[in-house]
Amino acid sequence: MTGRGLTATGLGAALWVVVVTTVGGVAAAVGVWSPWLGWPVAVLAAVGAWWAVRGLPAVRTAAAPGLALVALVLGFAVYAGVTHSEHVLPRRDAASNLQAAVSLAATGERVVPVDPSVIGGPRPLEDGDVTVASAAFYQVGSADDPAVQPQFLMAPAVVYGYGVWAGGPPLAQLLPAVVMALVLLVLGLFAGHLAGPWWGVAAAGLTAVLFPVLNVARGTYSEQLALLTLVGGLLALTLAVGRDVPGTRRLALVAGVLVGGTALARVDALREVLLLLPFLAVGAALGHRWVRPFVTGLAASSVVAWGLAVLLSYRYLGDIHASLLPLVAMAALVLVASVGGLVLWRRGRRLPGGVVRRLPDVVGALTVVVGVGLWTRPWWMTVRQDPNDPGARYVAGMQRRQGLPVDGGRTYAEHTVDWLSWYVGWVALVVALVALAVLLRRALRSLGEGRLEPWAPVLVMAAGSTVLTLLRPGITPDHPWADRRLLIMLPFVVVLVVVAAAWAARRLVSSGRPWGTPVVAVATVLALGVPAVLATWPFRGVGVERGSLEAADRVCAALGPDDVVLGIDGRASSEWPQTVRGMCGRPFFVAATPVRQDPQRLAVLVQELARGASSSGHRLVLLAADGPEAIEELGLTPRSVADLRFPEEEHALDRPPRRTDLGGVRVSVAEVPLR
């Protein structure tokens, strides 16, 4: 394929995600999202996206590297799809997203009402004895009119919901591999635009073998959707900056829509937006014509994304307000500072000439100092959080199981550079740091001469996002799950290394050393590819939790059409409520924690609910997933319906993941007779 076709494919796919998520979110808010609406929207969105990106300025590439890039991303999609994980039970984000997609596809609503009459009325809910909340799914509304609201944002539910419509959860679990393959396509085009077509293929290939990339591609996470729109928007922005040819303004508009639309998948996309704001002011000051359409697209898609988040995920935003509000405040400050700087510029205010001349060297040196400081943090810093935080208690439990000193308040955030080194190696990190310092210095020198390098906004945004994430990853240090936080940093390191390698190869060739390109290419693969492959090799087989779909099918087969299910132990109350509601189509209630801890009180509640269910023509069924003991304690005979073992992700704290753990599903049920 030509560079124009590949660029249009990548940008069109990203734009499709934004459009269908927007329409699907609005339709889900009023409960009318169905296949009869969704499939026509998908087709019209594809046609509209293609129309929007056709004829735009594109990355130039010859046929051979273009075909190589296509073959690479197709191979990745097939491999990641064949080895996909089965995240079904909401233990982590991937399964939560899948269940949100199943719920949306089945009901057409984002916030799904629950009928309390099936347990005899709202009184148990009013008394706090039962709830409809579970892991990643909130109870909202009143006891008389309760509803379930999924935790995260709309994009995964809408996009993966198409897979549910087309072929059920098994097909939905293949879509993440396709999305991540598109991310690699856009990343390869971006690196090819900066360093050359074959170097772009190398960047895509080296990124593809990184285990965090493969691991996320195997599950229904939100990160690949966010990466597709973000990297697509940054590619479009880079192609638009500094150009004034037909299609530039439309390209900038698409770039703004994609960058702002990233917030449809990830709340923390606001961080990348605020890091771009100063460059919008710089572009406006220099009279660049791409700024206005970019700002228009950015503002429009951001308003839509945040409107849907507030409307349909407000409980989630409330839960993360401690980290979200500082980010919003920082964005407001950066916006005010950027606008203020633009106003001062237009009034003729300028930095002193001495500052302009010295600033590039100072920033280059500071970049190296910051990088070294982040690397040495474990020697002089231990980052902690509130030891009473739920995450701290989880960390303390991991420390006990792994024989480490128990200090649950530790976040291990001082080791984030080490996390990077696990997957790309120290040589690549050193090269990337030097390349970053040199490129920042060059960007500031050009800016001092009145020129904005087309790649400068992306460089500063990626560098700023990397530093902020390294300082505060904001995730429980449970590897490899926590390594999702590296999904902007790792490709950034790869692109920096590839750009540095391409520069070194050109210098060698221009100085009369024709062997320079193959030698540098081999050295790059050895320095970056070998650590990446070694880290990925233990996980080269199939993904984790294979068998979860079978377990869900067995549970559904054990339930009758009039059954109402009550979860009576820990795993039953967290992993199975939404699974049963969405995949089995049966009402599910959860015995509140204090009730579960008091067998006598639980027995009384069970009989009350059984009578209430019977009065409405239903039968109460108890479900236990920690073992049959909870059912036996109530004097009932448990019936085992699922007892499966499968590999699950390792829980590593202070080292890279090297293996999988043995996990499983053990579910028992019992019908409750009336007494």
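Here the structure is a predicted model, which is why all the values come from computation and not from measurement.
Salt-bridge annotation for R92 and E649: absent, with no side-chain N of the basic residue lying under 4.0 Å from a carboxylate O of the acidic one. Look at D483 and R485 and you find no salt bridge, because none of the NZ, NE, NH1 or NH2 atoms lies under 4.0 Å from a carboxylate O. Salt-bridge formation is not detected for the pair R619/D562: no Lys NZ or Arg NE/NH1/NH2 atom is positioned less than 4.0 Å from an Asp or Glu carboxylate oxygen. The residues R266 and E223 are annotated as salt-bridged, a charged nitrogen and a carboxylate oxygen being separated by less than 4.0 angstrom. Salt-bridge annotation for D93 and R484: present, with a side-chain N of the basic residue lying under 4.0 Å from a carboxylate O of the acidic one.
By the 30° and 60° cut-offs, the orientation of the rings of Y221 relative to H87 is perpendicular. By the 30° and 60° cut-offs, the orientation of the rings of H651 relative to Y394 is perpendicular.
For an aromatic pair to be called close, the ring centres must be under 6.0 Å apart, and W39 with Y162 satisfies this.
Expressed to the nearest 0.5 Å, how far CG of L174 lies from CZ of R218 amounts to 13.0 Å.
For the residue pair T229/T262, the side-chain donor-acceptor check at 3.5 Å is satisfied. Side chain to side chain, T469 and R271 meet the donor-acceptor criterion of an N or O pair below 3.5 Å. No hydrogens or angles considered: nothing links the side chains of R546 and S85 as a donor-acceptor pair under 3.5 Å. Residues R581 and S103 bring no donor and acceptor atom of their side chains to less than 3.5 Å of each other. E272 and S465 share a donor-acceptor pair across their side chains, judged by distance under 3.5 Å alone.
Closest approach of Q139 and V132 over heavy atoms only: OE1-N, 2.9 Å. Nearest heavy-atom pair across R110 and A157 is NH1-CB, 3.9 Å.
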Q. Would I119 and V130 count as a side chain to side chain contact (heavy atoms under 4.5 Å, CB included) if you check the C-alpha gap in whole Å, the side-chain angles of each, and the deciding distance to 0.1 Å?
A. CA-CA 10 Å; I119 55 172; V130 300; 4.3 Å; yes
